[in-house]
Amino acid sequence: MPSRPLRRDAELNRARILTAARELFVERGNDVGVEEIARRAGVGMGTLYRRFPNKDALIEAILRSTVDDIRELAVEVAATEPPASALHCFVVRVLAADPCHGAFLAQRLWSGRTAERMIAEVVPSVAAMLAAAQRAGTVRSDVVLADLLVLMRSLRLVVDLTERVAPGSWRRSLEIILAGFRPDSRNGELPVPVPAYAALAGAGETPPSVD
């Protein structure tokens, strides 16, 4: 019995640290120091290091949580939205729902163990939504999964350029990108993707960084 409150306290401290880190990473980027994270979380450095031995471990924990959130959102959208609009809904919601998703849209989310989880747990759902949209006629048939993933990642640069002076402007760029995916009789065929480009959506390959 005496050990249970300690476990609850430890879990609460862990949650406070993760919340503080997410907020500060969104506000200031990944260069923020662990001392500032501890101050915002209201815990001592010893408590922080007991839960996370270094900042990389803290970032990794946030990324794991981010992958979980994105996976659950993909499953929810695929199950509740019509096939014709599910992909559009997912892309908008995954970027708008949580600032941390946007903050980690770049290389950290697509490297190491996090990339393996993204490829195994998230990419198949996105691929299924893309195929469903193509069957429904709302996405042109010559778009490949790598097109979607690379262009979504390019939005990180848009956010970096515009968010401080014109918050939310990334939505314009996103809608321009998605409009380019729609079938239009005035559009010619896209160039056939080379195998190395198409492989960017598969295991072992990641889209190039736009950091």
Q. In chain order, what residues pass the side-chain contact (heavy atoms from CB on, under 4.5 Å) check against Ala61, with sequence neighbours excluded?
A. Arg14, Leu18, Phe52, Arg64

Q. For Ala120, what residues pass the side-chain contact (heavy atoms from CB on, under 4.5 Å) criterion, not counting sequence neighbours?
A. none

Q: Give the minimum heavy-atom separation between Ala21 and Ile62, together with the two atoms involved.
A: CB-CD1, 3.6 Å

Q: Mind listing the closest non-hydrogen atom pair of Pro167 and Val165 along with its distance?
A: CD-C, 3.7 Å

Q | Inter- and intrachain pairs under salt bridge (charged side-chain N to carboxylate O under 4.0 Å, His left out), touching residues 131-140, at least two apart | A | Arg140-Asp142

Are the side chains of [X] and [Y] in touch, meaning some heavy atoms are under 4.5 Å apart?
X: Leu149; Y: Leu145; value: yes
X: Asp68; Y: Arg117; value: yes
X: Ile37; Y: Leu48; value: yes
X: Thr66; Y: Arg22; value: yes

Q.
Checking Tyr197 now: which residues fulfil side chain to side chain donor-acceptor pair (under 3.5 Å) with it, not counting sequence neighbours?
A. Asp147

Q: Report the residues that fulfil side chain to side chain donor-acceptor pair (under 3.5 Å) with Ser125, sequence neighbours left out, ordered by chain and then residue number.
A: none

Could you pull out every donor-acceptor pair under 3.5 Å between side chains of residues 72-79 and any protein atom, sequence neighbours left out?
from	atom 1	to	atom 2	distance (Å)
Glu76	OE2	Arg93	NH1	3.4
Glu76	OE2	Arg93	NH2	3.3

Q) With sequence neighbours left out, what residues match Arg50 under salt bridge (charged side-chain N to carboxylate O under 4.0 Å, His left out)? A) none

Q.
Holding to salt bridge (charged side-chain N to carboxylate O under 4.0 Å, His left out), I want the full list of residues that pass it with Arg51, two or more places apart in sequence or in another chain.
A. none

Q: Under the side chain to side chain contact (heavy atoms under 4.5 Å, CB included) rule, what do Val91 and Leu148 come out as? Steps first, then yes or no, please.
A: CA-CA 9 Å; Val91 172; Leu148 177 65; 4.3 Å; yes

Residues 169-179, side-chain donor-acceptor partners within the protein, below 3.5 Å, at least two apart:
from	atom 1	to	atom 2	distance (Å)
Ser169	OG	Ala166	O	2.7
Glu175	OE1	His88	NE2	3.2
Glu175	OE2	His88	NE2	3.2

Atom pairs and distances, donor-acceptor, side-chain atoms in residues 186-193, under 3.5 Å, two or more places apart:
from	atom 1	to	atom 2	distance (Å)
Arg186	NE	Asp184	OD1	3.0
Arg186	NE	Asp184	OD2	3.4
Arg186	NH2	Asp184	OD2	2.7

